[in-house]
Number of protein chains: 2
Amino acid sequence: MSLLVVGSMAFDSIETPFGKTDRIVGGAATYIAWAASCFVQPVQQISVVGGDFPEQELKELQARGVDLGGVQVKKDQKSFYWAGRYHLDMNSRDTLVTELNVLADFQPVVPESFQSAEYVMLGNLSPVVQMNVIEQLRHRPRLIAMDTMNFWMNTQMEELKKVLTKVDALLINDAEARQLSGEYSLVKAARAIHRMGPRYLVIKKGEHGALLFYKNHAFFAPALPLEEVFDPTGAGDTFAGGFMGYIAHTQDLSFENMKTAVVVGSALASFCVEKFGVQRLKEISQEDIETRIRQFVDLMHFDIDLVQ
Amino acid sequence: MSLLVVGSMAFDSIETPFGKTDRIVGGAATYIAWAASCFVQPVQQISVVGGDFPEQELKELQARGVDLGGVQVKKDQKSFYWAGRYHLDMNSRDTLVTELNVLADFQPVVPESFQSAEYVMLGNLSPVVQMNVIEQLRHRPRLIAMDTMNFWMNTQMEELKKVLTKVDALLINDAEARQLSGEYSLVKAARAIHRMGPRYLVIKKGEHGALLFYKNHAFFAPALPLEEVFDPTGAGDTFAGGFMGYIAHTQDLSFENMKTAVVVGSALASFCVEKFGVQRLKEISQEDIETRIRQFVDLMHFDIDLVQ
């Protein structure tokens, strides 16, 4: 089974209270691919990079089972670049630099060999690009999930709403869910967003965990309480990669399995924040992942005898 | 089995985005008693009120199985009074008025009939008053839990630290845990607070749920996602009442049972916020409570086969 991933592959410069990086490899699709490839191969990657993007990083992704057949390399251009600084609480950050570069006129192309994709993760990108990919698919995937952000709500809400009618699952953070729905209560926000299209809604709350909404059901997975959050960059994308990777691996679209996928996504995200960039995702073994999922079981499991 | 409760019984005036009350009955011990008495009778109440405190409210507590033998009524004085206004997010509030009145020189007296208490909940009060109660107890209870707040950390930290050496469980919010420990990470905060005395630490995060720490174990219970949080006043005290009421009822101090008690506390708190004051706690039936606990089971339960 395969997972089709669309998103940015980029450079980030990151400052946190714990340290500072020069340009390191980042981008939504990079994090998604590293996380998803823990569960599913091939990950079929659609993205665009400049001539400055390190060959070595591409080779490492290929070695991990990522098919780069949909990654355009624009030799004479530069990759997307973002620089940001996190505040002490790690929940808020300032963007210092955004250079779109190759992303400015990105025209995604779905290779013929990706046409049979059953599972699709549309990383945070312009809704026009997201729609373009959906329209290129001749065969309706079993599950299309997408991420988005406040920037697209502010600038391309109509286009975004059109994409929402085409997807099964939306993964966004709490502030984005509130902005998109105009509702402060996340329960009401979920109901409003379901009406926009996505049957499944995952609201990511960072250190406060993640909520999954489906029909009248809700499920909650906490974030693992960590001694240190070193760098939160990419945690949401890593969550999405773990979530979709697990679903593609299990091929099970039941709500019960989606719940487990939320826990798996949370577990992967808890690794991501332990080091800068995708470093930690490159290191972890299947055993590390299973050990961490067991920590989530311990964190969430309780027994009660309901007497009445 | 009984539960000894110490804390304020008071008047509150509350403004939320949803409405405004005149002086209604509140106070930590009032909320704790209403919540705990869902599970255990008698609740042995130690508090102080003025001549202005409504007889009817005291009668309703007695009818619920609350023994008011430790509640001093100062006929010619006024009850503690607090007025506050919540912001739109309901997580932050401004205090508009605080009148200590009878609480200013509160000298708690433990009645002889309360001396055999096995379970004790010290609501948020001056650590001097909390210590005074502990010192009056001739027989060490099986479990002493306490609440406190930033005000006591700012003004009576030494006295507070002495009380902490005498208690088994501390229930505070995340900002308080950070202030008390000087650690931003809640995992590190928990470790530091365990060293101060309490074996069990519950960190309440309001709409973001509650964490229980014990030795190297952690457990997390989410807050129930609600359509509307009408009035958060007393939710933390209600949590404490549900938590300690359930423990006193089950007489089980294992970590496993503490986890369940955290869920029960969260369930009770989810009722509290649905109406102003203790109104909702007066209305709920055992069936309502069980139905709500089942919602927590649904919210938290997932299955995973760890293959490797």
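Because the structure is a prediction, the values reported are computed rather than measured.
Contacts between B:Phe220 and chain A at a heavy-atom distance below 4.5 Å involve backbone atoms as well as side-chain atoms. For B:Gln295, no part lies near chain A; criterion is any non-hydrogen pair under 4.5 Å. For A:Leu212, no part sits under 4.5 Å from any heavy atom of chain B, backbone or side chain. Proximity to chain A (any heavy atom under 4.5 Å) is shown, for B:Leu224, by neither the backbone nor the side chain. No part of B:Val262 comes within reach of chain A, as not one of its non-hydrogen atoms sits under 4.5 angstrom from that chain.
Considering only heavy-atom pairs separated by less than 4.5 Å from chain A, the leading option among B:Val229, B:Thr260, B:Thr250 is B:Thr260.
Scanning all heavy atoms of the two residues, the minimum distance from A:Leu211 to B:Pro225 falls at CD2-CG, 3.7 Å. Residues A:Lys259 and B:Asp298 share a closest heavy-atom pair of NZ-O, 3.7 Å. Here the closest non-hydrogen pair linking B:Glu207 and A:Tyr184 is OE2-OH, 4.1 Å.
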Take B:Ile304 and A:Phe296 through the test side-chain contact (heavy atoms from CB on, under 4.5 Å) and record every step on the way to the result. CA-CA 11 Å; B:Ile304 190 164; A:Phe296 276 83; over 6 Å; no
Just do the side-chain contact (heavy atoms from CB on, under 4.5 Å) check on A:Glu228 and B:Lys188 with the steps written out, would you? CA-CA 9 Å; A:Glu228 265 165 23; B:Lys188 289 184 180 174; 3.0 Å; yes
Between A:His301 and B:Met300, does the side-chain contact (heavy atoms from CB on, under 4.5 Å) criterion hold? Intermediate values first, please. CA-CA 8 Å; A:His301 179 265; B:Met300 298 169 68; over 6 Å; no
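Heavy atoms from other residues, nucleotides or ligands lying under 6.0 Å from CG of A:Asp94 number more than 12. Atom NZ of A:Lys282 has more than 12 neighbouring heavy atoms from other residues, nucleotides or ligands inside a 6.0 Å radius. Other residues, nucleotides and ligands place more than 12 heavy atoms under 6.0 Å from the CG atom of B:Asn154.
Between B:Phe302 and A:Phe219, the two ring planes are perpendicular [angle over 60°; tilted spans 30° to 60°].
Distance CG/A:Asp303 to CD/B:Glu256: 6.5 Å, rounded to 0.5 Å.
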